[in-house]
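To keep things clear, I will list the structure first and then write my remarks on it.
Within every chain, numbering begins at 1; the chains are lettered A, B, ... in the order of the sequence lines, protein sequences first and strands thereafter. Fair warning: this is a prediction, and the values are worked out from it, not measured in the lab.
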Amino acid sequence: MKGLKKKIDSIKPQFEKGGRFSKLQSVFDGFYTFLYTPNETSASGVHIHDSNDSKRTMITVVIALLPCCLFGMWNIGLQHFMATGNPSREFFSLFFYGFLAVLPQILTAYVVGLGIEFIVAQIRGHEIQEGFLVSGILIPMICPVDTPCWMIAVAVAFAVIFAKEVFGGTGYNFLNIALVTRAFLFFSYPSKMSGDNVFVSLGGDKAVDSYSGATPLGQIASSTELGAAVTNIVGDPLSFGDIFMGYYPGSWGETSTLCILIGGAILLLTGIANWRIILSALCGGLLMSAVAHNWASPLYPATYLDPITQICFGGFLFAIVFMATDPVTACRTTVGKYIYGFLIGAIAIIIRCYNTGYPEGAMLAVLLMNCFAPLIDWCVVNSNIRRRMKRLTVKNS
Amino acid sequence: MNLKKTFIPLVNPISKDNPVIVQVLGICSALAVTSKLEPALVMAVSVTAVLSLANVIISLLRNTIPQSIRIIVQLVVVAALVVVVDQVLKAWNYEVSKALSVFIGLIITNCIIMGRLEAFALSNRPWPAFLDGIGNGIGYGLILVIVGFFRELFGSGTLMGYQIFPQSWYDAGYMNNGLMILPPMALIVVACIIWVHRSYNKDLQE
């Protein structure tokens, strides 16, 4: 390791002002600070230093995503083997099938997204920001496994340029990049992003006779029989344990409640995600599900799910743990965070239950509340100011 | 030099003083009619016709219209012209007229038209007013056609109804972009045009 540092330090002057590659300074700096903590310190004033800079933050989120990611890859293999009637359940063959299925998507997302970030950083003469480290892995995880790479490339380019770079780059985006990518795909190529045929990778093999690729939420939304038990892709009923573990088809990163809880615990213990948002979103979701369950109507089949099952299905938990807590797009004020989280939870369940066009509403709920976050903050700050002004005038009179 | 001056009202609105991308007027119709190229073209021609004729008529009447009721007079003139355009379209191109539905009628409320009548026709002679109407119509139509071009090309793979992307692309996995047909994308395309335009015209940047 020392040798690497020496080598990098020896080529450093070429990238500084006047050096041979001075144009590529931001690229060099990006890689350098990725490997080593920068040794620049502020010269004046009093500053609190924290070694947890934004690069470390991003890496922590990626680590928190790993359980979901690894389980998702394994689950892709499991679903594939079940769908094609292959009795083998060997861990590594399942895992590698899924790994190879999603690898091109992950690479595409990173190459396109980071490519645009590097180019923009060069043009503007900024440092390279690390925001895309998380988005790049999140994007494939919230898309169906069979999404073509070119669609991901187009959507990533759209999201990075129009939702991030035009607003000033990492830290200035008001919408979550990964969700903008997904929303773009969802509205642009609906046949590839929803329905019964996109969430299980068949890989060209013929499916068994009893196969149906519908996700649990998809089955519920289209069920005619009320309170019908959800089944896995070959028609066996799913127990609550299966649902909790995530043995069902869906956007591959978000099925396992257990892995999301592990990831959430990592984020909360390292203090990166805000517990207020997660807590209030859970409350909002549970409360709204309870309300829907209490006044369940045959017009809206999803209302028959009991609150706990409702929460464990689909992308709800994944969205509130990894998307709603994005510090850039969430509310900044403490009270605002409670309101923001609560509304995300409630709106996600409202869309899921009462808009029969969308079996899942977590994406739209988070994007909607992203738009309202600045307004909520503004109201909270202003009501605070008004309250204190009142106190002031009472004292004076 | 003199000739150049005469044509300022015609040339200016096409780029430097474009009603859509500089003054940001008439955005609503730019969203509504541009999902295909043909309606966008028809809309552009209709607005140009209404605007130039209304400009001439108001300019001729400018000394007789009392200040206090000028908006009503302008509305009557524009409404009459819009009805004429609507009927002509219904007679000659019923399909497009149906596709445009209320938006032809809504030319009356197009802010570009009232804006030009107020700002230009009321204080200029008929010939410059006519040129101004044509210029603004072209400036508006140009943006509509550009937006309609991209939206139809990427949203439906066609232009003026003719297939552009060959079937082999679709067989290879290409798909039309459904978002292009939805109104939000029209705003984004307009924003891109503004972006390109302002990066060429530095003096327009705020």
Side-chain angles (χ1 to χ4, degrees), chain A residues 104-105 108 116 119-120 123-124 143-169 173-175 177 179-195 197-198 201-204 357-358 363-364 367-368 370-371, chain B residues 20-22 24 27 30-32 34-37 143 146-159 163-202 204-206:
Chain A
Q105 298 177 1
T108 313
I116 293 172
I119 293 168
V120 171
I123 294 172
R124 292 210 181 124
C143 290
V145 54
D146 270 349
T147 314
C149 286
W150 72 268
M151 284 183 187
I152 290 191
V154 170
V156 167
F158 175 86
V160 172
I161 294 172
F162 286 98
K164 183 146 92 178
E165 297 303 346
V166 294
F167 291 103
N173 51 314
F174 75 105
L175 292 174
I177 302 304
L179 283 178
V180 172
T181 310
R182 194 184 195 283
F184 181 88
L185 285 168
F186 184 79
F187 288 108
S188 295
Y189 310 107
S191 63
K192 285 280 177 200
M193 288 300 289
S194 50
N197 301 320
V198 294
S201 161
L202 286 177
Y358 304 126
M363 165 185 83
L364 297 169
L367 282 177
L368 185 71
N370 279 171
C371 297
Chain B
V20 184
I21 60 174
V22 178
V24 197
I27 291 291
L31 302 188
T34 51
S35 64
K36 292 268 188 299
L37 186 53
I143 303 305
I146 295 174
V147 177
F149 174 84
F150 285 113
R151 287 184 72 190
E152 185 172 357
L153 186 64
F154 294 112
S156 316
T158 58
L159 279 180
Q163 192 70 35
I164 297 294
F165 294 147
Q167 186 59 38
S168 53
W169 288 28
Y170 291 95
D171 296 339
Y174 178 78
M175 282 175 90
N176 288 325
N177 188 321
L179 191 60
M180 272 288 181
I181 302 291
L182 301 175
M185 212 56 194
L187 271 187
I188 290 171
V189 177
V190 170
C192 291
I193 298 173
I194 294 179
W195 187 359
V196 172
H197 187 246
R198 300 224 167 161
S199 46
Y200 278 105
N201 297 286
K202 296 256 187 299
L204 286 175
Q205 290 172 4
E206 281 117 20

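Of all the listed residues (A/Phe186, A/Trp150, A/Phe184), the one sharing the greatest number of non-hydrogen pairs under 4.5 Å with chain B is A/Trp150.
In this structure, chain A has a heavy atom under 4.5 Å from the side chain of B/Met185, while its backbone stays farther away. Neither the backbone nor the side chain of B/Phe154 comes within less than 4.5 Å of any heavy atom in chain A.
No more than 12 heavy-atom neighbours from other residues, nucleotides or ligands sit within 6.0 angstrom of CZ on B/Phe150. Residue-environment remark: NZ (B/Lys36) exceeds the threshold of 12 foreign heavy atoms within 6.0 Å.
Rounded to the nearest 0.5 Å, atoms CG (B/Leu179) and CZ (A/Phe158) are 6.0 Å apart.
A 4.5 Å side-chain heavy-atom check between A/Pro148 and B/Met175 finds every atom pair outside the cut-off.
Here the closest heavy-atom approach between residue A/Phe162 and residue B/Trp195 is recorded as CE2-CZ3, 4.5 Å.
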